[in-house]
Amino acid sequence: DAYYFVHKSGLYKVRFGDFQTKKAAHKKAETVRAAGIIKAYYLVRSNEYAVTKQRKGGGRSYTRNEILENGKRSIRGFVENWRRAWEEGDLQTYTGCYHSDFKTEKMTIQQWKMFKREFFRSSARRKVQINDIKVEANGDSAVVTFKQSYQTASHQSLGTKTLHLRHDDDHWTILEEIWQPLFDQG
């Protein structure tokens, strides 16, 4: 398993395993570099990693958990940007959150974008609230589930939304979106 995140320094940090020797870690890193996945690398022992040093009795499990939590924060940040763009009517940012392979049961991504453009024009003011966010990440994919409240002057809905995300080209996008009303909203 490999985990990566963008550190506050702007560098990508990658953790791809536990190795008994520096030679074994170097061999694995060279394999990853030769495959074109990374261009360069720097090996760090877990006890040299700053996060591990900050926590008494740190270690591998703490470092792995920190990486996973950073990944989940990145996903939550993406979801908040999507929500805000939707609420503010920023169509370009909102539709940019969707993967080029996104489709609904009845529409391609291009048809869906045209539909959303008209939908955004017809309801200038909207309120979108999300809570109870649950994130399950696995490499370059994630599933995010949350309760969503949506309100305009003429429409109101409350339900559970599930977003299936994909991480491509250094950013998250929505590949699939599932909506389940909490009750009959007639």
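Keep in mind that this is a model prediction, so the values were computed, not measured.
- Of all heavy-atom pairs between Arg126 and Thr152, the closest is CB-CG2, 3.9 Å.
- When all heavy atoms of Gly96 and Thr173 are compared, the pair lying nearest together is O-CG2, 4.3 Å.
- Both Met107 and Leu91 belong to a common hydrophobic cluster when Ile, Leu, Val, Met, Phe, Trp and Tyr are linked at side-chain heavy-atom distances under 4.5 angstrom.
- Nearest heavy atoms, Thr108 versus Gln111: N-OE1, 2.8 Å.
- One N or O on the side chain of Thr31 and one on the backbone of Lys27 form a donor-acceptor pair closer than 3.5 Å.
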Full working for side-chain contact (heavy atoms from CB on, under 4.5 Å) between Lys113 and Lys116: CA-CA 5 Å; Lys113 284 181 178 182; Lys116 286 296 182 177; 5.7 Å; no

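- A distance of 7.0 Å separates NZ of Lys72 from CD of Glu136, quoted to the nearest 0.5 Å.
- The minimum heavy-atom distance linking Trp172 with Phe78 is given by the pair O-CE1, 3.1 Å.
- Between Arg84 and Glu87, every side-chain heavy-atom pair lies at or beyond the 4.5 Å cut-off.
- Atom CD of Gln92 has 12 or fewer heavy atoms from other residues, nucleotides or ligands within 6.0 Å.
- If you take NE2 on His171 and OG on Ser74, they are separated by 11.5 Å, rounding to the nearest 0.5 Å.
- Here His167 contributes atom NE2 and Ser141 contributes atom OG; the two are 11.5 Å apart, rounded to the nearest 0.5 Å.
- Contact between Tyr150 and Val128 at its shortest, heavy atoms only, is CD1-CG2, 3.7 Å.
- Residues Leu163 and Ile133 share a single hydrophobic cluster, defined by chaining ILVMFWY side chains whose heavy atoms lie under 4.5 Å apart.
- Under the 4.5 Å side-chain criterion, counting only non-hydrogen atoms from C-beta, Leu165 is not in contact with Val143.
- At a threshold of 4.5 Å between non-hydrogen side-chain atoms, the residues Asp101 and Lys103 do not count as touching.
- A salt bridge links Arg121 to Glu118: at least one charged side-chain nitrogen sits closer than 4.0 Å to a carboxylate oxygen.
- Between atom NE2 of residue His99 and atom CD1 of residue Ile174 there is a gap of 11.5 Å, rounded to the nearest 0.5 Å.
- Within the model, atoms CZ of Arg83 and OH of Tyr94 stand 12.5 Å from one another, a figure rounded to the nearest 0.5 Å.
- The environment of CD in Glu177 is crowded: more than 12 heavy-atom neighbours from other residues, nucleotides or ligands sit within 6.0 Å.
- For the pair Thr95/Trp112, a side-chain contact is recorded, criterion being any heavy-atom separation below 4.5 Å from C-beta on.
- A donor-acceptor contact shorter than 3.5 Å is absent between the side chain of Thr93 and the backbone of Asp90.
- Under the 4.5 Å side-chain heavy-atom criterion for grouping Ile, Leu, Val, Met, Phe, Trp and Tyr, Leu175 is not connected to Ile75 through any hydrophobic cluster.
- Using modelled atom types and a 3.5 Å distance limit, the side chains of Tyr98 and Trp82 yield a donor-acceptor pair.
- The minimum heavy-atom distance between Phe146 and Asn131, with the atom names listed, is CB-O, 3.4 Å.
- Under a hydrophobic clustering in which Ile, Leu, Val, Met, Phe, Trp and Tyr are joined whenever their side-chain heavy atoms come within less than 4.5 Å, directly or via other members, Leu158 and Ile178 fall into different clusters.
- Side chain to side chain, Gln148 and Lys161 meet the donor-acceptor criterion of an N or O pair below 3.5 Å.
- Ile109 is connected to Phe115 through a chain of hydrophobic side-chain contacts under 4.5 Å among Ile, Leu, Val, Met, Phe, Trp and Tyr, so both are in one cluster.
- Summarising the geometry, atom CD belonging to Gln151 is positioned 9.0 Å from atom OG belonging to Ser157; distances are rounded to the nearest 0.5 Å.
- Taking the side chain as every heavy atom from C-beta outward, Lys134 and Val144 never approach each other to under 4.5 Å.
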